[in-house]
Amino acid sequence: MPEAPEVEAVVRTLRPLVQGKQIHRIRVIHEVAVRPQSSAFLNRRLAGAHILDAGRRGKYLLLMLDRGCVAIHFKFDGQLLWFDKAAGAPPRGVHLDFTFEMEDGTLAFVDQRHLGHVQWLCKPDDSPGIKALGVDAFSKLFTLPRLVEICRSRPRPLKILLVDQTRIAGIGNIYASESLWLARLSPWKRSDLLSPAEFKRLHKAVVSVLARALECCLHPPPDFRNPQWWFNGVEKMLRVYDREVKSCRRCGSKIRRVEQGGRSTYFCANCQRQ
DNA sequence: CCTGCTACCTGATGGC
DNA sequence: TGCCATCAGGTAGCAG
């Protein structure tokens with residue numbers, strides 16, 4: 001479920017934990033997590049490799065190695081856990097899909113639903129999904145003129161455009177609704193028909209929603225040692241997402257849920273007009 | 001090329 | 001209580 005702010009918080013918290021460490025061995029507990037790669041292939045690539053850094057592209061987390069890199073996508077429910085070696089083996093009953101075993105502990109990828117995945121790549125762009133990513137929403141390149149260009153280049157409903165990873169990378173279903181609410185723009189508004197003032201509001205809203213979400217995700221930061229930890233961005237700051245029938249925090253009208261591109265969009269029909 | 005639909009999975013929830 | 005349908009913060013793959 002994580003969007004860019006959640007993944008960014010994981011990257012920043014993970015970096016000091018793994019930077020410079022050697023992967024002694026890996027273990028594939030559920031092959032589905034690494035499909036179409038195999039446990040034998042990953043072992044060959046990863047055993048003995050050193051982690052140089054952790055990074056992010058859109059919603060993908062990257063572990064940069066001295067030999068290639070690992071791309072992890074959390075999809076809806078994936079998460080990372082850390083088990084200190086001193087504490088012994090991971091307790092039974094904790095679902096694990098993939099583990100990196102290091103000198104001082106084990107980093108585990110966990111995803112009961114098995115939609116997320118772990119892949120070894122020679123370089124990030126060898127993943128078609130990563131290669132196709134548009135400008136990262138957290139990047140300095142995501143400027144107002146860039147947003148205007150993106151919006152005009154392919155006329156589509158704003159909500160659909162915001163979650164299109166090949167245009168802007170990192171915004172998901174929640175922060176798309178939140179950004180449009182903050183910008184007071186209809187999710188159906190055609191992206192090429194915004195006024196200059198509306199473009200400016202949209203850009204400002206996206207940047208502000210993501211920055212706030214990241215702050216929430218970092219305070220407190222993810223606790224990989226606690227199997228119960230979960231991303232902490234959204235709950236504290238939702239203004240419209242998942243508030244169907246509740247009243248708009250700005251004008252008091254009922255928040256509505258509609259379907260766009262097969263997914264839920266939440267909005268206030270009074271504040272967010274065409 | 002583009003767009004839109006479905007598959008991929010499992011668990012939680014709510015109505016009957 | 002049980003059963004069924006629906007929903008979930010995402011992408012990849014395919015058809016048209």
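Just so it is clear: chains get the letters A, B, ... in the order the sequence lines come, proteins before strands, and each one is counted from 1.
By the neighbour-count criterion of 12 heavy atoms within 6.0 Å, atom NZ of K131(A) is sparsely surrounded, having that number or fewer from other residues, nucleotides or ligands.
Residues satisfying the side chain to side chain contact (heavy atoms under 4.5 Å, CB included) test with P91(A), not counting sequence neighbours, are F83(A), V94(A). Judged as a salt bridge (Lys or Arg N to Asp or Glu O under 4.0 Å), and not counting sequence neighbours, D66(A) has no contacts. Residues passing the salt bridge (Lys or Arg N to Asp or Glu O under 4.0 Å) test with R249(A): none are found, sequence neighbours excluded. Under the rule for a salt bridge (Lys or Arg N to Asp or Glu O under 4.0 Å), the partners of E244(A) that lie at least two apart in sequence or sit in another chain are R257(A). In this structure, the side chain to side chain contact (heavy atoms under 4.5 Å, CB included) partners of D97(A), at least two apart in sequence or on a different chain, are H30(A), A33(A), H95(A), F109(A), D111(A), H114(A).
For the segment residues 27-34 of chain A, the set of residues with a heavy atom within less than 4.0 Å of an atom of DNA chain B is empty. Against DNA chain B, the stretch residues 159-173 of chain A makes heavy-atom approaches under 4.0 Å through R167(A).
Distances shown here put every side-chain N or O of S264(A) at or beyond 4.0 Å from the OP1 or OP2 atom of dC7(C). Contact between the side-chain N/O atoms of R263(A) and the OP1/OP2 oxygens of dA8(C) is not found at any separation under 4.0 Å.
Side-chain polar atoms of K254(A) and N270(A) form no donor-acceptor pair below 3.5 angstrom.
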All N/O pairs under 3.5 Å across the protein-nucleotides 12-16 of chain C interface:
unit_1	atom_1	unit_2	atom_2	d
dA12(C)	OP1	Y60(A)	OH	2.7

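Remark: R35(A) does not engage E31(A) in a salt bridge, criterion side-chain N to carboxylate O under 4.0 Å. With respect to K21(A) and D104(A), a salt bridge is recorded, a charged nitrogen being found less than 4.0 Å from a carboxylate O. Ion pairing between K123(A) and D125(A) fails under the 4.0 Å rule for side-chain N and carboxylate O. Taking 4.0 Å as the cut-off between side-chain N and carboxylate O, D77(A) and R113(A) count as a salt-bridged pair.
At whole-Å resolution of the value, CZ in R113(A) and C1' in dC7(C) are 9 Å apart. Separating the CD atom of E244(A) from the C1' atom of dT6(C) is a distance of 13 Å, rounded to the nearest angstrom. The nearest whole Å value for the distance from the NE2 atom in H114(A) to the P atom in dT11(C) is 19 Å.
Counting only residues at least two apart or on different chains, no ring-ring contact (aromatic ring centres under 6.0 Å, His included) pair has a member in residues 153-180 of chain A.
Cation-pi geometry between R45(A) and W120(A) is met: the NZ or CZ atom falls under 6.0 Å from the ring centre, inside 45° of the normal.
Reading DNA chain B from its 5' end, the first and the last nucleotide to sit under 4.0 Å from a heavy atom of chain A are dC2(B) to dG11(B).
If you find the closest nucleotide of DNA chain B to R154(A) and to G262(A), the one lying nearer the 5' end belongs to R154(A).
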A correct dot-bracket answer for DNA chain B, with pairs being Watson-Crick or G-U at under 3.5 Å, [ ] for crossing pairs and | for inter-strand pairs, is .|||||||.|||||||

Scan the side chains in residues 132-140 of chain A for donor-acceptor partners under 3.5 Å anywhere in the protein, sequence neighbours excluded, and list what turns up.
unit_1	atom_1	unit_2	atom_2	d
D136(A)	OD1	R56(A)	NH1	3.4
D136(A)	OD1	R56(A)	NH2	3.0
D136(A)	OD1	F138(A)	N	2.9
D136(A)	OD2	R56(A)	NH1	2.9
D136(A)	OD2	G58(A)	N	3.0
S139(A)	OG	L141(A)	N	2.8

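Looking at L121(A) and I130(A), their side chains come closer than 4.5 Å, going by heavy atoms from C-beta outward.
For dC9(B) and dC14(C), the P atoms lie 15 Å apart once the distance is rounded to whole Å.
L185(A) pairs with exactly one of Q272(A), E198(A), Q274(A) by the side chain to side chain contact (heavy atoms under 4.5 Å, CB included) rule, that one being E198(A).
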